[in-house]
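Data first, discussion second: the structure below is written as structure tokens.
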2 protein chains.
Amino acid sequence: MVRNMVLTTSEIDKLLDNAKLRHTKQRAQLAKMLFKAENRHFTAEQLHKEARTAGHTISLATIYNTLHQFRSAGLLRQVIVEPGKVYFDTNTEPHHHFYIEDDGELLDVERNEVKISTLPEIPKNCNIREMDVIIRLRKK
Amino acid sequence: MVRNMVLTTSEIDKLLDNAKLRHTKQRAQLAKMLFKAENRHFTAEQLHKEARTAGHTISLATIYNTLHQFRSAGLLRQVIVEPGKVYFDTNTEPHHHFYIEDDGELLDVERNEVKISTLPEIPKNCNIREMDVIIRLRKK
DNA sequence: AAGGTTTTTAGAACCATTCTAAAAAAGAAA
DNA sequence: TTTCTTTTTTAGAATGGTTCTAAAAACCTT
Ligand SMILES: [Mn+2]
Ligand SMILES: [Mn+2]
Ligand SMILES: [Zn+2]
Ligand SMILES: [Zn+2]
């Protein structure tokens, strides 16, 4: 998918088709807000506020529904760094995070920026699903 | 602190003294439940249920109060791996975790079992507070 | 346009956690 | 021990992010 600019209408159509989701006003608006050049980390409520500010009429329930649908389609992933709050991430490549605790900001760390040379033995009967590295930061 | 057995009454006294907490029945009961030979990972509600089962009369509010006090005293740390739920950990050494997603179980990974040879550049004006590695597992 | 299906929505429900404020316990002073 | 002050415990209310419910709106096919 092209990602070096705002998506065109036909690119949004394609995105929703690929995700096997019907083309609705709300899904198109959210797709357009989310899938631009830069990756983003955000919560459902932040996105809701942003959509309303942009003049879109969309309920919080639809934000949640759509985010989960995008996630099932592999367009978003979740990041858990704080109790009682879920971040969504447009970067679906395996990667890691800085978390600036002072203001709740997440920053990407490319996978190759953290070189892990030794791994512990995995418990029997288990497979690795994912490995998260979270580097928690405080501002000086 | 001795940790290769159940704590004696005087060891619990010492633990509460060090934490600058008054010696109450509830705090002593919880300390005795928590600080044994093996480290534990648990939620507040799990601990509440366990305390009631052991015949102790203690409210959930006191469980939360005490866990936070123990944490401030450096006797416990929190682990965040799932939305809407906080795990407490009696292992306060820097270390990492396996998280078995199927049954919500946390397992310790010693710090030296994960060798990290390259770290990304830390954003300006920030210091590392902590680094968490969570290896998410699924049962075969 | 009609009919059947999916989506959106407002508001209720949920649930782990925190808060409130009153009763109980602890400690100090006498 | 009695009294006084401070801290702790507690039941239950409140909170807040998320999910659920079920009815209205939008969508798609015929
Ligand atoms: Mn939020
Ligand atoms: Mn719990
Ligand atoms: Zn990211
Ligand atoms: Zn641990």
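Keep in mind that the numbers below use all heavy atoms, side chains included, and drop hydrogens, waters and symmetry copies. Naming: A, B, ... by sequence-line order, numbering from 1 per chain.
- Straight-line distance from the CZ atom of B:Arg27 to the P atom of D:dT10: 11 Å, rounded to whole Å.
- What separates NZ of B:Lys20 from P of D:dT7 is a distance of 15 Å, to the nearest Å.
- With rounding to whole Å, B:Gln46 atom CD is found 16 Å from C:dC15 atom P.
- Taking 4.0 Å as the cut-off between side-chain N and carboxylate O, A:Glu130 and A:Arg77 count as a salt-bridged pair.
- Rounded to whole Å, the distance from CD1 on B:Ile63 to C1' on C:dA16 is 14 Å.
- Remark on DNA chain C: of its neighbouring residues A:Ser59 and B:Phe88, the 5'-side contact belongs to A:Ser59, judged by nearest-heavy-atom nucleotide.
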Between the protein and nucleotides 26-28 of chain D, list every N/O to N/O distance that falls short of 3.5 Å.
none

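- By the criterion of side-chain heavy atoms lying less than 4.5 angstrom apart, applied directly or through intervening Ile, Leu, Val, Met, Phe, Trp or Tyr residues, B:Phe98 is not grouped with B:Phe42; the two fall into different hydrophobic clusters.
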Please test B:Glu93 against B:Arg111 for salt bridge (Lys or Arg N to Asp or Glu O under 4.0 Å), starting from the C-alpha separation and ending with a verdict.
CA-CA 9 Å; B:Glu93 299 296 308; B:Arg111 183 155 59 160; over 6 Å; no
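- Comparing B:Tyr87 and A:Leu21 against DNA chain C, the residue whose closest nucleotide sits nearer the 5' end is A:Leu21.
- Annotation: B:Phe35 is in aromatic contact with B:Phe70 [ring centroid separation under 6.0 Å].
- For B:Arg40 and B:Asp89, the salt-bridge test fails: no basic side-chain N is under 4.0 Å from an acidic carboxylate O.
- B:His23 and B:Asp13 form a side-chain donor-acceptor contact under 3.5 Å, judged by distance and modelled atom types alone.
- Transitive grouping of hydrophobic side chains (ILVMFWY, heavy atoms separated by less than 4.5 Å) keeps B:Ile80 and A:Met131 in distinct clusters.
- For the pair B:Lys139 and B:Asp102, the tightest heavy-atom approach, listed with the atom from each and the gap, is N-OD1, 2.8 Å.
- Distance A:Lys85 NZ to C:dT17 P: 16 Å, rounded to the nearest Å.
- Rounding to whole angstrom units, NE2 of residue A:His48 and C1' of D:dT18 are separated by 14 Å.
- Note: CG (A:Leu16) to P (C:dT8) measures 10 Å, nearest angstrom.
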Could you list all N or O pairs between the protein and nucleotides 18-20 of chain C that sit under 3.5 Å apart?
{"from": "C:dT18", "atom 1": "OP2", "to": "B:His68", "atom 2": "NE2", "distance (Å)": "2.8"}

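- Between the side chain of A:His41 and the backbone N or O of A:Asp108 there is no donor-acceptor pair closer than 3.5 Å.
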